[in-house]
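Report on one structure; see the data block that follows.
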Amino acid sequence: LDEIYRGNQRMVRLVNAFLNVFRLELGTFIIEPKPTDVALLVRSVMDEQKPQIDENKITLFHSFEKNIPLIRADSKLLRIVVQNLLSNAVKYTPEGGRIELSISLDDKNIVLKVSDTGYGIPKKQQGKIFTKLFRADNVREKNTEGNGLGLYIVKSIIDHSGGRIWFESEENKGATFYVTLPLAGMKKKEGTK
């Protein structure tokens, strides 16, 4: 029964990911910005991921700059971004590895950084990492779970939110993903549920 339940949960996540992709591509996804505490949201996602982090004996360090202001953001979309980045770091970091998560400010943005000591992204495949349904060869060999939609969705959300995402990576030495969110916040967008 446990295995059936886990398989069902994977299927629900896959269907939801495809629905998000279709909404993003059709331009029908909604942005409903409200004052959002980014640090609180990130802490909540960290708490959700704690069982997997503990199970894999991964050390998680975090540093949040003081005085991070509330920004107008769609917390559901922002949660998808943080969940994907942190769950990828957990999924692709071998047992006993390390993940660092930080939130800081620059002149016009909140900067979220997620760094891991995982498998990294092969140099020749780095240009495809935000492509729909793409998974790097080295992680497909080590981890069969995943559908190649997470980073595609994350990039689409960030692009539609006036932010920016990029990464640095070396195979077998981990990856660091950076996301900027404008202090001006996300713009409201009408769409369909």
Electrostatic pair Lys50-Asp54, nearest N-O below 4.0 angstrom: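 Yes, this pair counts.
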Parallel, tilted or perpendicular: rings of Trp166 and Tyr178 (30°, 60°): parallel
Under the 3.5 angstrom rule, does the side chain of [X] hit a backbone N or O of [Y] as a donor-acceptor pair?
X: Glu100; Y: His62; value: no
X: Thr36; Y: Lys34; value: yes
X: Asn56; Y: Ile58; value: no
X: Thr176; Y: Phe167; value: no
X: Thr180; Y: Arg164; value: yes
X: Asp116; Y: Gly118; value: yes
X: Thr117; Y: Gly174; value: no
X: Asp74; Y: Pro33; value: no

Is there a side-chain contact between [X] and [Y] in this structure, where contact means two heavy atoms from C-beta onward sitting under 4.5 Å apart?
X: Leu112; Y: Val82; result: yes
X: Thr93; Y: Tyr119; result: no
X: Thr59; Y: Ile53; result: no
X: Arg72; Y: Pro35; result: yes
X: Ile80; Y: Ile157; result: yes

Interatomic spacing from OH in Tyr92 to CD1 in Ile99 - rounded to 0.5 Å: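 So the gap between those two atoms works out to 12.5 Å.
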Spacing of OG belonging to Ser161 relative to CE belonging to Met186, to within rounding of 0.5 Å: 3.5 Å
Connected via hydrophobic side-chain network under 4.5 Å: Leu41 and Ile103: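 Yes, Leu41 connects to Ile103 through the hydrophobic network.
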Identified salt bridge (charged side-chain N to carboxylate O under 4.0 Å, His left out) counterpart of Glu32 within the set Lys187, Lys76, Lys188: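 When Lys187, Lys76, Lys188 are each tested with Glu32, the salt bridge (charged side-chain N to carboxylate O under 4.0 Å, His left out) holds only for Lys76.
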Arg79 vs Ser44, side-chain hydrogen bond (donor to acceptor under 3.5 Å, both in side chains): CA-CA, chis, key distance, verdict: CA-CA 9 Å; Arg79 179 173 287 278; Ser44 160; 2.8 Å; yes
